[in-house]
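See structure below.
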Amino acid sequence: MGVVQDQYADDALEMLIEKFNQDVDRIIQLVESYHDKELFEQGGRQWATTTPSSWPIWKWIHINTVAPFKSFRTKIRKWKKVRGI
């Protein structure tokens, strides 16, 4: 298993769901803390200008939250197919 899997391997499903929901709530609070201009325009925060394209904050949030699930979904489908699920 990977580092993340090892970190949470002994946690009960209910606890993992609770941790996930807490993280979702924190992300929502973060997004709501920005004004539209900060969130959607380039240069909304100094830390968000570290890429050559100077991504707006929404893009940083997207690539670090939602985007990875597209590849996860593919891996899960492959895993299910191999196991005949």
Side-chain angles (χ1 to χ4, degrees):
M1 280 199 265
V3 175
V4 173
Q5 292 92 334
D6 292 343
Q7 180 179 354
Y8 298 106
D10 296 327
D11 290 356
L13 179 59
E14 294 80 16
M15 178 59 74
L16 294 172
I17 292 170
E18 178 62 28
K19 288 178 182 180
F20 175 79
N21 288 330
Q22 289 171 359
D23 288 343
V24 169
D25 289 343
R26 283 194 288 267
I27 292 166
I28 291 169
Q29 289 173 0
L30 173 69
V31 170
E32 289 177 343
S33 74
Y34 292 115
H35 299 289
D36 285 352
K37 186 174 181 172
E38 292 173 307
L39 192 59
F40 296 108
E41 294 182 14
Q42 290 178 321
R45 284 283 188 249
Q46 182 62 36
W47 60 262
T49 61
T50 59
T51 60
S53 60
S54 185
W55 287 345
I57 294 171
W58 77 264
K59 185 154 185 166
W60 283 103
I61 294 169
H62 174 77
I63 66 163
N64 287 291
T65 57
V66 179
F69 284 96
K70 184 175 181 181
S71 64
F72 293 157
R73 186 175 55 208
T74 303
K75 291 175 184 178
I76 290 169
R77 281 192 202 128
K78 183 178 178 181
W79 177 83
K80 288 173 76 174
K81 185 176 180 180
V82 168
R83 285 162 180 73
I85 298 173

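All values reported here derive from a predicted model rather than from experimental measurement. Computed from heavy atoms alone, side chains included, the values below leave out hydrogens, waters and symmetry copies.
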Are F72 and Y8 in one and the same hydrophobic cluster, where Ile, Leu, Val, Met, Phe, Trp and Tyr link if side-chain heavy atoms are under 4.5 Å apart?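 No, it is not one cluster - the side chains of F72 and Y8 are not joined through contacts under 4.5 Å.
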
Can you hop from W55 to I27 via hydrophobic side chains spaced under 4.5 Å?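 Looking at the clustering, I27 is in the same group as W55.
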
Tell me whether the rings of W58 and H62 are parallel (<30°), tilted (30 to 60°) or perpendicular (>60°).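 Ring orientation of W58 relative to H62: tilted.
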
Roughly how far, to the nearest 0.5 Å, is OG1 of T74 from CZ of F69?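 It comes to 13.0 Å.
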
For the CD atom of E18 and the CG atom of D23, what is their distance to the nearest 0.5 Å?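 Answer rounded to 0.5 Å: 10.0 Å.
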
Exceeds 12 heavy-atom contacts within 6.0 angstrom, atom CG of D10: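 Counting neighbours around CG of D10, 12 or fewer heavy atoms of other residues, nucleotides or ligands fall under 6.0 Å, so no.
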
Validation: residues 29-41 side-chain donor-acceptor distances under 3.5 Å, sequence neighbours left out:
| from | atom 1 | to | atom 2 | distance (Å) |
| --- | --- | --- | --- | --- |
| S33 | OG | L30 | O | 2.6 |
| E38 | OE1 | H35 | N | 2.8 |
| E38 | OE2 | R45 | NH1 | 2.7 |
| E38 | OE2 | R45 | NH2 | 2.9 |

